[in-house]
Amino acid sequence: MSNGDVILSRLNPQQRIAVQHTEGPLLVFAGAGSGKTRVITNRIAYLISKKSISPTNILAVTFTKKAAGEMNDRVLELLKEIGVQEGLVPTIGTFHSIGAMILRQNAKEFGLTRNFSIYDTSDSENLVKELLLERDIDIKQIKPKSIAYFISCAKNEFISAKEFPRHYGGFIEDIVAEIYPQYQKQLLVQNSVDFGDLLFLTVKLFNENEEVLKHYQEKFRYIMVDEYQDTNAVQYKFARLLSKKYKNLCVVGDDDQGIYAWRGADIKNIQSFENDFKNVKVVKLEQNYRSTKNVIDAAVSVIKQNNARIDKQLWTQKGNGDEITIYQARDQEEEAEYVIDEINELRRKGINLSSISVLYRTNFQSRIIEETLLKNGLPYKLVGGFRFYDRREIKDILSYLRFVVNLKDELSLGRVLNVPSRKIGPKSVAKLHNIAKTVHCTLGELLVGAYLISNMKDEKSISFDKSKLRSIEQYIDEINKFKSVVTIFGGIYVNSIGKNVLEIIENILSQTKYLEYIDDGSEQAQYKKDNIEELKNVANIYVSKYRDESLEIFLQEIALIEQEQNKNKDGSGMNVNLMTLHSSKGLEFDYVFMIGMEEGIIPHSRSFTDENELEEERRLCYVGITRAREKLYMIFAERRRTREGYTNQIPSRFLGEIPQDLCEYYSWQS
């Protein structure tokens, strides 16, 4: 049996067709769990072993470094297995790593040298900040993060600084239009590019330099793109230009799993592929190797409600399996208790915790699950995120609270002294510490107590210029306003003046304008606000449950939870997996719990007035369902507690799209 026959013998009929179609454009619709990575890796091996294509002429592109590494390992292992000698290897990498490689080889085309620096998100924001300050633009009102975000989005859409004003209009956009060209000039001066430039400049190079384009078209005659439904405009142009001469472009993906429109992905790229090329070969991988028939039928019943999709019909040779459990909880506390009770029951049956996952739409939903797992002594890990009390915005607010309670807590003060930014730099902080030592108190006591910085401004060793002094005095005034809700004597917390923990948090948010500080208009900013809202919900529950308004005891309870989280870290890998639906893409588990299956959560309330967003929410639900191999639980709450009280919840419309004969229904009342 030849090497090519060995490769083909392991594939199903549709996979075999995709692997053998080596010349011309190929569109592979790969349903969930249908073996798309197997197709890509075997196709590369087939090109090399059967078609005698040089590995140097093959390019495979995916989205993450991890996926590229796994693909590369599988290709090398496969080539070794079929006896292909070690030596030349295909180029396998992410879009941005390939762009960086091409850009370094042609750096002089843009006035750069090969050793140019690549600025990450933080670097880009700092450069934007400098440019805003140079123009006396208030960075508290116009946040550098927002401007950097707009520039990044423009590059993803392949919109240059010159073209930007023709595409965007508005107050913020007008400032972006002013900053964007200066930002690019400064990058060039610093022999640097940002992350967006890695593809933007590469595509610009291809458009403007035909000789360079021809070079790479000859080099990469066979191109494969994984997760094509997740490509944005500049990635689309990159693949189109590179494959224009030989048209040997194979794209693999699933429009039913397109869930990243919020970061620029456009599922129309895969849906319109047949219109972009002539004589396109279309292959549909519809056999699922992952899930039971009940899970697959439920997923198909949901996703077929979308109008903007290519028709596909997933199927499996596995048995029916367990029915899908749909459970109505009384509230979010009972929802969490039900999930943990079921996990404990699975564990008693010998199921490993690592084969169990709890999925949710937004990050704030993890808090109650985390705490309930801790109370039950169950180890867990968050995939693709931070534990609730480790999230930056939560730690910021808790640091303010801890400082209010304990003025000697220099660690907490150090965290929030410049959050939001107050332009009090390290040198000023060092001077403040010197002042504190002079009057025998801590820095916190100095700022909140009876010591006046302005009285010491004439001492040369600790003097401040007017702008720094003004910033410090403004901060002192801001902190002192916390006294409207908290009484402190001699650095010792006594009690709030008729205020509870929730009101203290509200006061801190108001005085510091923290919500405005984190609001850059992005979806991530909304998630941070949701997390803060959940912290307020925790405070509200604490007050109503324990009838105790002590901020000190509230912080003590949270510290105990944090300590349990640290003890909970299990090096064995036997942990319950917690993650958002977005983070779950590409993963699979034997037992999956989808919580918060309610209108306003999934589908998210922001999708109610936009059909495209609603269909993306349905795709997100589809992704969640198809993560389950053996058993799926879908849970919704009858009501949810908020700081205003309980709100009645409506079950997600997606639950109603699943045939009843596939499900078993339970309620907290039964």
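Predicted model, so just to flag it, every value in this text is computed and none were measured. Here, residue 1 is the first one in the sequence, and each next residue gets the next number.
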In terms of relative ring orientation, are H96 and F195 parallel, tilted or perpendicular, with 30° and 60° separating the classes?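 Parallel.
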
Any donor-acceptor pair under 3.5 Å linking the side chain of [X] with the backbone of [Y]?
{"X": "R387", "Y": "E370", "result": "no"}
{"X": "E335", "Y": "G596", "result": "yes"}
{"X": "T316", "Y": "N288", "result": "yes"}
{"X": "Q332", "Y": "R641", "result": "yes"}
{"X": "N156", "Y": "V234", "result": "no"}
{"X": "N306", "Y": "A308", "result": "no"}
{"X": "N376", "Y": "L378", "result": "no"}
{"X": "E617", "Y": "H604", "result": "yes"}
{"X": "E393", "Y": "K529", "result": "no"}
{"X": "S584", "Y": "L581", "result": "yes"}

Consider salt bridge (charged side-chain N to carboxylate O under 4.0 Å, His left out). Of K284, K312, R619, which one does D255 pass it with?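 One option only clears the test, and that one is K312.
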
Only one of E345, E664, E342 forms a salt bridge (charged side-chain N to carboxylate O under 4.0 Å, His left out) with K631, so which one is it?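 Among the candidates, only E664 passes.
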
Of all pairs that satisfy ring-ring contact (aromatic ring centres under 6.0 Å, His included), the ones with a partner from residues 60-82, not counting sequence neighbours: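 Counting only pairs at least two positions apart or across chains, the ring-ring contact (aromatic ring centres under 6.0 Å, His included) contacts touching residues 60-82 are F63-F95.
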
Heavy-atom pair with the smallest gap, counting every atom of [X] and [Y]:
{"X": "L78", "Y": "A45", "result": "CD2-CB, 3.6 Å"}
{"X": "E334", "Y": "W668", "result": "OE1-CB, 3.6 Å"}
{"X": "F608", "Y": "P603", "result": "CE2-O, 3.8 Å"}
{"X": "N363", "Y": "N531", "result": "C-OD1, 3.8 Å"}
{"X": "K585", "Y": "D230", "result": "NZ-OD2, 3.5 Å"}
{"X": "N294", "Y": "G321", "result": "ND2-O, 3.2 Å"}

Do [X] and [Y] make a side-chain contact, defined as non-hydrogen atoms from C-beta onward lying under 4.5 Å apart?
{"X": "M574", "Y": "S354", "result": "yes"}
{"X": "F654", "Y": "Q305", "result": "no"}
{"X": "Y527", "Y": "R391", "result": "no"}
{"X": "I518", "Y": "I532", "result": "yes"}
{"X": "I270", "Y": "F29", "result": "yes"}
{"X": "N577", "Y": "K381", "result": "yes"}
{"X": "C621", "Y": "M594", "result": "yes"}
{"X": "Q365", "Y": "T362", "result": "yes"}

Tell me every residue that passes salt bridge (charged side-chain N to carboxylate O under 4.0 Å, His left out) with K155, counting only those two or more places apart in sequence or in another chain.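 Residues passing salt bridge (charged side-chain N to carboxylate O under 4.0 Å, His left out) with K155: D194, D197.
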
Between I259 and Y622, does a side-chain contact (heavy atoms from CB on, under 4.5 Å) hold up when you go through it step by step? CA-CA 10 Å; I259 58 173; Y622 172 82; over 6 Å; no

Please report the interatomic distance [atom1]([X]) to [atom2]([Y]), rounded to the nearest 0.5 Å.
{"X": "Q271", "Y": "D266", "atom1": "CD", "atom2": "CG", "value": "8.5 Å"}
{"X": "Y46", "Y": "I48", "atom1": "OH", "atom2": "CD1", "value": "13.5 Å"}
{"X": "Y327", "Y": "Y665", "atom1": "OH", "atom2": "OH", "value": "16.0 Å"}
{"X": "I223", "Y": "S243", "atom1": "CD1", "atom2": "OG", "value": "5.0 Å"}
{"X": "L249", "Y": "Y228", "atom1": "CG", "atom2": "OH", "value": "6.0 Å"}
{"X": "R367", "Y": "Y389", "atom1": "CZ", "atom2": "OH", "value": "5.5 Å"}

Neighbour count >12 (heavy atoms, 6.0 Å) for atom [atom1], [X]:
{"X": "D661", "atom1": "CG", "result": "yes"}
{"X": "R392", "atom1": "CZ", "result": "no"}
{"X": "K268", "atom1": "NZ", "result": "no"}

In terms of side-chain heavy atoms, does [X] have a donor or acceptor partner in [Y] at a distance below 3.5 Å?
{"X": "N269", "Y": "T231", "value": "yes"}
{"X": "S607", "Y": "E613", "value": "no"}
{"X": "Q524", "Y": "Q526", "value": "no"}
{"X": "R361", "Y": "S652", "value": "no"}

E630 and I351: side-chain contact (heavy atoms from CB on, under 4.5 Å), yes or no, with the steps? CA-CA 12 Å; E630 301 295 335; I351 304 301; over 6 Å; no

Check this for me: does any side-chain nitrogen of one of [X] and [Y] sit under 4.0 Å from a carboxylate oxygen of the other?
{"X": "D256", "Y": "R309", "answer": "yes"}
{"X": "E371", "Y": "K375", "answer": "no"}
{"X": "K536", "Y": "E533", "answer": "yes"}
{"X": "E588", "Y": "R290", "answer": "yes"}
{"X": "K51", "Y": "E23", "answer": "no"}
{"X": "E615", "Y": "R618", "answer": "no"}
{"X": "K36", "Y": "D254", "answer": "no"}

As a quick check of understanding, evaluate ring-ring contact (aromatic ring centres under 6.0 Å, His included) for F593 and Y633, giving each step before the final call. CA-CA 5 Å; F593 294 82; Y633 301 79; 4.1 Å; yes

Lys NZ or Arg CZ of R240 over F277 ring: under 6.0 Å, within 45°: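 The answer is yes; both the distance and angle limits are met.
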
Is it possible for you to check whether R43 lies under 6.0 Å from the centre of the six-membered ring of Y222, through NZ or CZ, and within 45° of that ring's axis?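 No.
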
Worked check of side-chain contact (heavy atoms from CB on, under 4.5 Å) between L632 and V592: CA-CA 5 Å; L632 174 67; V592 169; 3.9 Å; yes

Evaluate the criterion side-chain contact (heavy atoms from CB on, under 4.5 Å) for residue pair I40 and R74; output intermediate values, then yes/no. CA-CA 10 Å; I40 296 173; R74 288 174 67 170; over 6 Å; no

Is the H582 to W262 ring centre distance short of 6.0 Å?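 H582 vs W262: aromatic centres under 6.0 Å.
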
